[in-house]
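Contents: one structure, followed by commentary.
Position 1 is the first residue of the sequence; numbering continues from there. Every heavy atom of this structure was used, including side-chain atoms; hydrogens, water molecules and symmetry mates were not.
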Amino acid sequence: MDTMQPIKKRRLEDKIGSDGSIVAASTQFKGTISGIESLCIAGQVEGDVKSDRLVWIQSGGNIKGDINSRHVIIEGKLIGNIMGAEHVEIRAEAQATGNIQTHKIAMAEGSFFKGEIHMPRKVDKPSHFVEKRQT
């Protein structure tokens with residue numbers, strides 16, 4: 001009998017995978033970046049970023065623009081909004097200014113955030129009841 005339990009993956013990048021494109025630390029990019037794979041930002045990006053998987057602003061990375069991605073990790077700096085996210089992590093030493101729309105969010109102690117967080121609620125099933133009336 002195998003008693004080995006599968007290892008529970010806690011970090012977002014372990015669950016999603018971080019393979020994809022990289023904007024290197026020495027790179028400055030102006031314009032829109034869009035793709036279906038994950039995107040790691042270690043350099044400077046001025047413009048909107050869209051990914052179907054993960055956008056990861058690494059320590060020292062900087063985005064001035066909006067992010068539209070299912071998963072977002074911020075270790076560097078973001079000035080812009082995050083839209084359409086399922087899960088956002090703002091890690092220690094990260095700086096984020098803008099509004100966030102997500103289903104789940106985690107913020108580490110030591111991080112900085114200025115903006116609004118919008119978390120759509122799951123649609124509750126309607127509850128049915130019979131009102132008891134007095135006659």
For this session: Please report the C-alpha distance between Ile105 and Ile117 in whole Å, then the side-chain angles of each, then the deciding distance to 0.1 Å, and finally whether the side-chain contact (heavy atoms from CB on, under 4.5 Å) criterion is met.
Result: CA-CA 9 Å; Ile105 189 161; Ile117 299 171; 3.9 Å; yes

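- In the hydrophobic clustering of this structure, Ile63 groups with Met107; members are Ile, Leu, Val, Met, Phe, Trp, Tyr whose side-chain heavy atoms approach within less than 4.5 Å, directly or through other members.
- Annotation: the span from Lys114 atom NZ to Gln95 atom CD amounts to 12.5 Å, rounded to 0.5 Å.
- Distance check, rounded to the nearest 0.5 Å: NZ of Lys77 to CZ of Phe112 gives 9.5 Å.
- Two residues are said to be in side-chain contact when any heavy atoms from C-beta on lie closer than 4.5 Å; Trp56 and Glu75 meet this criterion.
- How far CD of Gln101 is from CD of Glu116: 12.0 Å, rounded to the nearest 0.5 Å.
- Contact annotation: the side chain of Ile57 approaches that of Ile67 to within less than 4.5 Å [non-hydrogen atoms, C-beta and beyond].
- You'll find the side chain of His103 reaches within 4.5 Å of the side chain of Pro120, heavy atoms only.
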Problem set entry | Residue pair Asp48, Ile33: steps toward the side-chain contact (heavy atoms from CB on, under 4.5 Å) verdict | CA-CA 6 Å; Asp48 296 341; Ile33 300 174; over 6 Å; no

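- Scanning both residues, Ala92 and Ala108, for their nearest heavy atoms gives N-CB, 3.2 Å.
- When all heavy atoms are compared, the tightest approach of Gly60 to Gln44 is O-NE2, 3.3 Å.
- Under the 4.5 Å side-chain criterion, counting only non-hydrogen atoms from C-beta, Ile41 is not in contact with Phe29.
- Atom CD of Gln28 is separated from atom CG of Asn62 by 10.0 Å, given to the nearest 0.5 angstrom.
- The shortest side-chain heavy-atom distance between Ile100 and Phe113 falls under the 4.5 Å cut-off.
- Inter-residue side-chain proximity for Ile82 and Asn99 is flagged as unmet; no heavy-atom pair is nearer than 4.5 Å.
- Within 6.0 Å of atom CD in Glu86, more than 12 heavy atoms from other residues, nucleotides or ligands are found, so the atom counts as buried in its surroundings.
- We find that Glu46 and Lys64 are not joined by a salt bridge, their nearest charged nitrogen and carboxylate oxygen being 4.0 Å or further apart.
- Side-chain N or O atoms of Ser51 include one that pairs as donor or acceptor with a backbone N or O of Glu37 at under 3.5 Å.
- In this structure the side chain of Asp66 reaches within 4.5 angstrom of the side chain of Met83, judged on heavy atoms.
- No single ILVMFWY cluster, assembled from side-chain heavy atoms under 4.5 Å apart, contains both Val49 and Ile36.
- When every heavy atom of Ala94 is checked against every heavy atom of Ile74, the shortest pair comes out as CB-O, 3.2 Å.
- Taking the side chain as every heavy atom from C-beta outward, Arg53 and Val55 never approach each other to under 4.5 Å.
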